[in-house]
There are 2 protein chains.
Amino acid sequence: MPRPLRTRSPDTAARILDVAERLVQRRGFNAVSYADVAKELKVTTASLHYHFPGKAELGRALMERYAERFCAALEEIERTHAEAPGRLRAYSTLYLRVLEQDRFCLCGMLAAEYQTLPEDMRQAVIRFLDDNETWLTRVLDEGRREGSLRFTGSAADVARAVISSLEGAMLVARPYGDTSRFEATADQLVASLTSGHPEPA
Amino acid sequence: MPRPLRTRSPDTAARILDVAERLVQRRGFNAVSYADVAKELKVTTASLHYHFPGKAELGRALMERYAERFCAALEEIERTHAEAPGRLRAYSTLYLRVLEQDRFCLCGMLAAEYQTLPEDMRQAVIRFLDDNETWLTRVLDEGRREGSLRFTGSAADVARAVISSLEGAMLVARPYGDTSRFEATADQLVASLTSGHPEPA
DNA sequence: GTCTATAGGCAGATAGAC
DNA sequence: GTCTATCTGCCTATAGAC
């Protein structure tokens, strides 16, 4: 049963993160100010500093929540897709959904800005990439053992190539404002790993 | 025969662009200020404004020179490499050289920051990507006709996938400070297009 | 061409009232 | 928790001397 309504909104910190996340994914961390976020939420920057003492803390929270949600999405994919090729397609669809919202992957954006980031955020970027690589490596390995995927070399190397390819495809698609550019590359990528196995519609 | 030494340095504008280019490729356009560039050159920001009235003009000049040099490098590749596979490898090496200098592709960096860029710079980013795609498409098409390359689908789609893959591999390699991460992905990419043809050492 | 000096604005951040 | 008010510093940019 839901709790009775409270005086304050359900979770102000979460709403701050929502706005900040969207802005950072579109413009980059360095191009987003407390004032930008505060303006959209119709509060003052002082109020933001109450919830997140500094931009470094805000950024860290941003990346942590993003990674948590992404990991949850990966688990969801494993529940809903039994086969490796389906899991790969679902994985690339996660990226597509972000692009469709006119956003770039938060991790990709922060990777570009990496050299200007505080240490906490840097570690969060690395962790996100490592988690993705670990998950993909497992999917690729299982797919190869089952015979549903085909590739040469180590699964970890291919996992890195998949991440690179999808991040790069997003990066390049955005200036054109054309999601089909991303889809074409993603489809090629999945097809190259499932050669010999027909793609479902 | 070289002209006699002049009172002023060979080309101040070029030296400004050199410093700005390096800083932007490392930190991003939004994270580089006139003061940063001026400090390295030991001049004042006012002097910078003499050569480039505003940051937008500086950015445009930056991207234009970068594209010119890149196109020149592509022509050089065609002169020095007769076969498509060699041209592809040389192309990926262009990216590697940038990464080795602890930089990201200027175009990739600006693609990430695209939504915050002035119109002139946006057009320059698109032009750069289009030029790369055109060149790669030609190389891929010729390679397939000669039989030295193998891939399915349109050469233009594969060209886009190659660009995405290399840009993404650079993006992801930088947080790790590990050029071998890039090389592994680039090698996989070239190998996947030259299957059936042994790689030279 | 480069300087000093400065304008005007926005950045991140804090103190203290309510 | 959110506000007003304010601080300090950096940003892009310009005027005018040299």
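Residue numbering restarts at 1 for every chain, and letters A, B, ... go by the order of the sequence lines.
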### Task
Look at all strands and tell whether Tyr50(B) reaches a base, only sugar-phosphate, or nothing, counting heavy atoms closer than 4.0 Å.
base
### Query
Which whole-number value in Å describes the distance from His49(A) NE2 to dG1(D) C1'?
15 Å
#### Entry: Between dG12(C) (P) and Glu57(A) (CD): distance, integer Å
13 Å
### Summary
Considering only heavy side-chain atoms of Tyr34(A), the closest of dA13(D), dA13(C), dC11(D) is dA13(C)
### Message
Base, sugar-phosphate or nothing for Ser33(B)? Non-hydrogen atoms, less than 4.0 Å.
### Response
sugar-phosphate
### Message
Tell me the interatomic distance from Asn30(B), atom CG, to dA11(C), atom C1', rounded to whole angstroms.
### Response
13 Å
### Query
Roughly how many Å is it from CG in Leu48(B) to P in dT14(D), rounded to a whole number?
14 Å
### Query
Are Thr45(B) and dT2(C) close enough that a side-chain N or O sits under 4.0 Å from OP1 or OP2?
no
## Note on the structure
Side-chain contact check for His51(B): nearest option of dG1(D), dG1(C), dT4(D) is dG1(C)
### Query
Does the side chain of Thr44(B) get closer than 4.0 angstrom to OP1 or OP2 of dC3(C) through an N or O atom?
yes
### Query
CG of Leu41(A) versus P of dG1(D): gap in Å, rounded?
15 Å
### Message
By nearest atom, which of the nucleotides dT12(D), dA5(D), dC11(D) is closest to the Asp36(B) side chain?
### Response
dC11(D)
### Ser47(B) side-chain proximity, nearest of dC11(D), dA15(C), dT2(C)
dT2(C)
### Spacing of Phe52(A) atom CZ relative to dT14(C) atom P, expressed in whole Å
16 Å
